[in-house]
Amino acid sequence: QLKFVESGGGLVQPGGSLRLSCAASGFSLDYYSIGWFRQVPGQEREGVACISSSSEGSTYYADSVKGRFTISRGNVKNTVYLQMNSLKAEDTAVYYCAAEPGTIVQGLCKLGPSYLDAWGQGTLVTVSS
């Protein structure tokens, strides 16, 4: 059973940085694509950054975060990070990670919220002065 534990959220001022961590269990991330998603209350969950399985390593970023966010696999097995720089108020949301087998990262990021059913509890990021 896929399980995810997200951490690292908090309150940060505009322009600041945070690094989110995702610890996955129940499967080997080596063979999965994994992504970070976010949701604002009252809005749909959206994919922000996805990375394919270890052997392929391609990434996809939503236009809204391109150049500011970086997704990476950790040295610790089954961990994934999201480095968020130059944070804006509109980045405020609960951030989740999720994964699926395969290497189609654009599909995972764009469509994942509509069919993935294994999610963690999320971590809240608040960007405010």
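Heavy atoms only: backbone and side chains are in, while hydrogens, waters and symmetry mates are out. Counting from 1, the numbers follow the sequence of the chain as shown.
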What closest approach, in Å, do Leu116 and Ala98 show between heavy atoms, and which atom pair accounts for it? CD1-CB, 3.7 Å
Give a yes or no on whether Leu20 and Val5 share a hydrophobic cluster (residues Ile, Leu, Val, Met, Phe, Trp, Tyr; joining criterion: side-chain heavy atoms under 4.5 Å apart). no
What are the two closest non-hydrogen atoms of Gly9 and Thr123, and how far apart are they? N-OG1, 2.9 Å
When the side chains of residues 33-43 are checked against the rest of the protein, which donor-acceptor pairs come out under 3.5 Å, sequence neighbours left out?
| from | atom 1 | to | atom 2 | distance (Å) |
| --- | --- | --- | --- | --- |
| Ser33 | OG | Gly102 | O | 2.4 |
| Arg38 | NE | Glu46 | OE2 | 2.7 |
| Arg38 | NH1 | Asp91 | OD1 | 2.9 |
| Arg38 | NH1 | Tyr95 | OH | 3.0 |
| Arg38 | NH2 | Glu46 | OE2 | 3.4 |
| Arg38 | NH2 | Ser64 | OG | 3.4 |
| Gln39 | OE1 | Arg45 | NE | 3.1 |
| Gln39 | OE1 | Arg45 | NH2 | 3.0 |
| Gln39 | NE2 | Gln43 | O | 3.1 |

Do the side chain of Ser52 and the main chain of Ser58 share a donor and acceptor less than 3.5 angstrom apart? yes
Using a 4.5 Å cut-off on heavy atoms from C-beta on, say whether the side chain of Gln1 contacts that of Ser25. no
Flag for Gln121-Tyr96: side-chain donor and acceptor within less than 3.5 Å: no
All pairs passing disulfide bond (SG atoms under 2.5 Å apart) where residues 98-129 contributes a residue, at least two apart: Cys50-Cys109
Does some side-chain heavy atom of Lys88 sit less than 4.5 Å from a side-chain heavy atom of Val127? no
To the nearest 0.5 Å, how far apart are CD in Gln106 and CG in Leu108? 11.0 Å
Evaluate the criterion side-chain contact (heavy atoms from CB on, under 4.5 Å) for residue pair Lys77 and Ser28; output intermediate values, then yes/no. CA-CA 8 Å; Lys77 188 176 176 61; Ser28 174; 3.6 Å; yes
Mind checking whether Ile71 and Val80 have side chains closer than 4.5 Å, heavy atoms only? yes
Is the distance between the ring centroids of Tyr61 and Phe69 under 6.0 Å? no
Given the rule that I, L, V, M, F, W and Y join up when any side-chain heavy atoms are under 4.5 Å apart, are Trp119 and Phe4 in one cluster? no
Closest approach of Ala62 and Gly47, non-hydrogen atoms and distance? CB-O, 3.6 Å
Has Glu6 got a side-chain atom pairing as donor or acceptor with Cys97's backbone, closer than 3.5 angstrom? yes
Distance check, rounded to the nearest 0.5 Å: Leu82 atom CG versus Arg19 atom CZ? 10.5 Å
Nearest 0.5 Å, what's the OG1-CG distance between Thr70 and Asn85? 6.5 Å
Hey, does Arg73 have a side-chain heavy atom less than 4.5 Å from the side chain of Tyr81? no
Nearest heavy-atom contact between Ser86 and Ser17 is N-OG, 4.4 Å
With side chains defined as the heavy atoms from C-beta onward, is the minimum distance between Gln13 and Ser128 less than 4.5 Å? no
Check the surroundings of atom NZ in Lys66: do more than 12 heavy atoms from other residues, nucleotides or ligands lie under 6.0 Å from it? yes
With side chains defined as the heavy atoms from C-beta onward, is the minimum distance between Leu18 and Val125 less than 4.5 Å? yes
Check whether Asn78 reaches the backbone of Leu29 with its side chain - one donor and one acceptor, N or O, closer than 3.5 Å. yes
Does atom CD1 (Ile104) have a neighbourhood of more than 12 heavy atoms from anything else shown, all under 6.0 Å? no
From CG (Leu124) to OG1 (Thr92), nearest 0.5 Å: 8.0 Å
